Visitor: 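Structure incoming, see below.
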Amino acid sequence: ITDPSYCLKQYFEDLSTFPELNLYLLDASDGITHTASSSGRSIGDEYQRTVGAFFAIYWLFRLGIDGRDGFSFGVDENWKPVSQSAVLDEAANTGDPVAKKRLAFRDDANWDYFQGLLVDAGLV
């Protein structure tokens with residue numbers, strides 16, 4: 001995960017090693033209606049939440065590389081983290097309040113605390 005050449009798209013493809021994720025991708029062709037999980041959310045929502053949690057792990061391990069930008073701003077159509085400068089430009093040009101919140105999170109988050117979670121868990 002901490003190899004700078006390893007990208008989020010590769011990580012997402014590697015998630016296929018967890019066959020349980022395929023349970024979220026069942027469709028009506030099996031003759032069973034799959035509309036909600038035990039939480040009450042749709043199975044599509046649960047899939048996105050689970051993959052999102054895996055992505056958070058990816059970004060946390062990469063805080064010293066591109067994790068802060070990826071965690072704060074997401075990725076572009078090429079799976080590359082959106083840069084802080086791109087979001088600054090967006091906020092300046094459009095006044096988008098979401099962009100401003102993302103910038104504030106990027107600037108104000110206690111990244112040392114997040115890193116400490118990994119250390120305390122014995123993962124780094």
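Keep in mind that what you see is a predicted model, and the values were worked out from it rather than measured. One-based numbering along the sequence shown.
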Visitor: L118, F54: one ILVMFWY side-chain cluster at the under-4.5 Å cut-off?
Guide: yes

Visitor: Give a yes or no on whether V51 and F73 share a hydrophobic cluster (residues Ile, Leu, Val, Met, Phe, Trp, Tyr; joining criterion: side-chain heavy atoms under 4.5 Å apart).
Guide: no

Visitor: So how far is it from N78 CG to K9 NZ, rounded to the nearest 0.5 Å?
Guide: 9.0 Å

Visitor: Transitively linked via ILVMFWY side-chain contacts under 4.5 Å: V87 with V75?
Guide: no

Visitor: Would D76 and K80 pass as an ion pair if we require N to O under 4.0 Å?
Guide: no

Visitor: With no hydrogens and no angle check, just 3.5 Å: does a side-chain donor-acceptor pair link D14 and Y6?
Guide: yes

Visitor: Any idea which heavy atoms bring S5 and Q10 closest together, and the distance?
Guide: O-OE1, 3.3 Å

Visitor: Are L63 and F71 close enough that some pair of their side-chain heavy atoms sits under 4.5 Å apart?
Guide: no

Visitor: For the residue pair R106 and D69, what are the closest heavy atoms and their distance?
Guide: NE-OD1, 2.7 Å

Visitor: Any idea how F55 and Y11 line up, ring-wise: parallel (<30°), tilted (30 to 60°), or perpendicular (>60°)?
Guide: tilted

Visitor: Atom CG of L117 and atom CG of D112: how far apart are they, to the nearest 0.5 Å?
Guide: 11.0 Å

Visitor: Please report the shortest heavy-atom distance between Q115 and L60, naming the atom on each side.
Guide: OE1-O, 4.3 Å

Visitor: State, to 0.1 Å, how close L103 and A91 come at their nearest heavy-atom pair, and which atoms those are.
Guide: CD1-CB, 3.9 Å

Visitor: Should W59 and L8 be marked as a side-chain contact (heavy atoms from CB on, under 4.5 Å) after you check the CA-CA gap, both sets of side-chain angles, and the distance that decides it?
Guide: CA-CA 9 Å; W59 294 126; L8 184 65; 3.7 Å; yes

Visitor: Ring-plane angle category for W111 and F105, please: parallel below 30°, perpendicular beyond 60°, tilted otherwise.
Guide: perpendicular

Visitor: How long is the gap from CD1 on I57 to CZ on R62, to the nearest 0.5 Å?
Guide: 14.5 Å

Visitor: Can we call the ring centroids of Y58 and W79 under 6.0 Å apart?
Guide: no

